[in-house]
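In what follows, residues are counted from 1 in the order of the sequence shown. Given the structure is predicted, the values throughout are model-derived calculations rather than measurements. One-based numbering, in listed order, for ligands and for the atoms of each.
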Amino acid sequence: MKIKHAYVNVCSPGRNFVTLKIETDEGIYGLGDATLNGRELAVASYLSDHVIPCLIGRDPFATEDIWQYLYRGAYWRRGPVTMSAIAAVDMALWDIKGKALNTPVYNLLGGKSREGVMVYAHAHGADIEEAVDDVGRHIDMGYLAVRAQSGIPGLDSTYGVPKGHQPYEPAERGLPSESRWSTEKYLRHVPQLFAKVREQFGDDVHLLHDCHHRLTPIEAGRLGKDLEPFHLFWLEDPTPAELQEGFRVIREHTTTPLATGEVLNTIWDVKELIENQWIDYVRTTLVHAGGFTHLKRIADFAALYHVRTGCHGATDLSPVTMAGALHFGMAIHNFGIQEHMPHNEETEAVFPHHYRFEAGYMYPGDAPGLGVDLDEKLAAKYPYERAYLPVNRKLDGTLFDW
Ligand code: GCO
Ligand code: MG
C-alpha cells in the first residue's frame with residue numbers, strides 16, 4: 001500500500017478545526033487532527049507546504065520511520081506547530097493501519113487494558129453557589145470525576161468560567177480579548193469553593209481543579225496545602241512548566257497530586273518532571289505531542305516513575321483527537337483519567353464518530369481504525385474564522401499568563 005494523496009481541511013463549526021486526510025492507492029484513508037487553538041493556519045501551512053509533498057509514495061504502515069523522518073529529518077524539531085503537524089500524520093497513519101487490518105486502533109496499541117475510560121467533566125459558575133450546583137448537575141449526568149472552577153469576587157472574568165450560561169469556550173472570534181488577574185483574590189477563594197463542594201457531595205466524587213499556569217511555585221505550594229483536606233484528584237498546571245524544577249518547590253510543600261503537560265510537546269519537555277516524580281499525571285496529548293508514536297513513548301517512560309496519563313481533551317481538540325485519546329486510554333496500562341468537554345452539535349455532525357459516554361466512562365467503539373469520519377460537504381458550510389485565546393494582565397496592567 002502507498003500514500004497516494006493528502007490534503008488539509010480547515011473548518012469552523014462553532015470553533016476552528018484543522019484536519020489532515022491521507023489517502024492510499026488501495027482506497028483506504030485516514031484522518032488526523034492538527035488543530036492548534038489560535039494558530040490554526042500555521043499548522044495547516046506546515047502540512048500542506050512542507051509535509052504532504054514528502055509523504056506521497058510512502059508506505060503508510062511505516063509509522064515509526066515516517067515519524068522519525070518528519071522529526072529528525074526536518075533538522076528543526078519540537079514546538080507546538082511542528083509536533084501538531086507530525087501528530088496529524090501519525091494519527092492518520094494509525095487510522096489507516098487499523099482500517100487495513102480491520103481492527104480498532106486500541107488493538108494495535110496492546111488491546112484493552114480496562115473496560116472503559118474514566119473521564120472528567122467541567123463544572124463552573126459565576127460564584128461558588130453556581131459552581132456547586134453545576135458539580136451536582138454533572139454528578140447527576142453520571143460523571144464520576146468533575147473539575148470545578150468558579151468566578152472570583154473582584155475579577156470580571158476568569159479562566160474556566162463562561163460569561164452567561166453557554167458552555168465554556170475560551171477562544172473568541174476576532175482579535176484577542178484581555179482579562180485581569182489577581183493571585184491574592186484567587187488564592188483566598190479556591191479553598192472555599194472546594195470546602196463547599198465536599199460539604200455538599202461527600203468524598204466519593206473525584207474533584208479536579210485547573211490553575212491554568214497562574215501561580216509561582218511557592219504560591220502553588222500554599223494552594224496545594226490549603227486544598228489537602230478536600231483530597232483533590234489533581235491540581236492542574238499550578239505553575240508554567242517550562243521551568244520543570246519549579247515543580248520540586250511545589251512538591252516540597254503539598255501532598256495534593258499534580259498534573260501538567262497540555263502545552264508541552266515532547267518527551268524532553270516532561271523528562272525531569274517525570275524522572276524526579278514531581279508530577280502525578282502527565283497531560284501531553286495526541287494532537288500537540290506527536291501522535292500515538294510519541295505519546296506511547298511518553299506514557300511508557302512515565303510508567304517507570306508511577307506517573308499516569310491525564311490527556312488534555314478540551315473542545316479545541318477535535319473529535320479525531322478525542323477518538324484517538326479513547327483508544328489510547330483503553331490500551332495503555334498507566335492510564336489515569338481523560339478530560340471530556342463535549343463538542344457542540346455542529347461539530348458532532350461534521351465529525352460523525354463511534355465513541356460514546358456512559359455512566360462516567362467513555363468508550364472508543366469497535367469500528368476499524370479510529371472510528372471517526374469527516375463530513376467534508378457539511379464542513380464546507382463552516383469556513384475558517386480567525387479566533388484567539390484571551391490575553392491576561394495583572395490588575396496593574398502587567399502582562400501575565402492566561
Ligand atoms: C483544559 C485546558 C483548556 C485550554 C484550552 C486552550 O484543561 O482543558 O486548560 O481549557 O485552556 O485547551 O486552547
Ligand atoms: Mg488545563
Report the part of M341 (side chain from C-beta onward, or backbone N, CA, C, O) that has a heavy atom under 4.0 Å from ligand 1; answer both or neither where that applies. neither
All heavy atoms of R78 vs all of Y71, minimum pair found to be CG-OH, 3.4 Å
Taking the six-membered ring of Y361, is the NZ or CZ of R114 close enough (under 6.0 Å from the centre) and on axis enough (within 45°)? no
Contact between Y106 and P364 at the side-chain level, heavy atoms closer than 4.5 Å - yes or no? yes
Does a side chain donor of either E376 or Y7 reach within less than 3.5 Å of an acceptor in the other side chain? yes
Return the residue, atom name and 0.1 Å-rounded distance of the protein heavy atom closest to atom 8 (O) of ligand 1. E339 OE2, 2.4 Å
Can you confirm whether the side chains of Q149 and T158 place a donor and an acceptor under 3.5 Å from each other? no
Answer with side chain, backbone, both or neither: which part of H213 has a heavy atom less than 4.0 angstrom from an atom of ligand 1? neither
Of the N, O or S atoms in D210, the one nearest the Mg ion (ligand 2): OD2
D140/R137 ion pair, N-O < 4.0 Å: no
Roughly how far apart are I332 CD1 and T309 OG1, rounded to 0.5 Å? 4.0 Å
Output yes when R251 and D280 qualify as a salt bridge under the 4.0 Å nitrogen-oxygen rule, no when they do not. yes
Tell me which part of H288 gets within contact of ligand 1: side chain, backbone, both or neither, using heavy atoms under 4.0 Å. neither
I need the nearest protein heavy-atom contact for atom 9 (O) of ligand 1: residue, atom name and distance, please. E262 OE2, 2.6 Å
For R283, the atoms of ligand 1 under 4.0 Å from one of its heavy atoms are 1 (C), 7 (O)
Looking at E236, the N/O/S atom that lies nearest to the Mg ion (ligand 2) is called OE2
Within reach of ligand 1, part of L389 (heavy-atom separation under 4.0 Å): side chain
Can Y159 be said to touch ligand 1, with heavy atoms closer than 4.0 Å? yes
Which ligand 1 atoms are under 4.0 Å away from a heavy-atom of A314? 3 (C), 8 (O), 12 (O)
Looking at R147, which atoms of ligand 1 are within less than 4.0 Å of one of its heavy atoms? 1 (C), 7 (O), 8 (O)
What do the steps show when you test R308 against Y281 for side-chain hydrogen bond (donor to acceptor under 3.5 Å, both in side chains), and what is the final call? CA-CA 5 Å; R308 289 181 284 163; Y281 297 91; 2.9 Å; yes
With no hydrogens and no angle check, just 3.5 Å: does a side-chain donor-acceptor pair link R173 and S12? yes
Please compare E236, H340, H212, R15 and report which has the shortest non-hydrogen distance to atom 7 (O) of ligand 1. E236
N/O separation below 3.5 Å, Y120 to ligand 1: no
Proximal heteroatom of E262 relative to the Mg ion (ligand 2) (N/O/S): OE1
P240 versus L215, closest heavy-atom pair with distance: CD-O, 3.8 Å
Which atoms of ligand 1 have any heavy atom of W402 under 4.0 Å away? 11 (O)
Would you mind running through ligand 1 and noting each atom that sits below 4.0 Å from a heavy atom of D316? 5 (C), 6 (C), 12 (O), 13 (O)
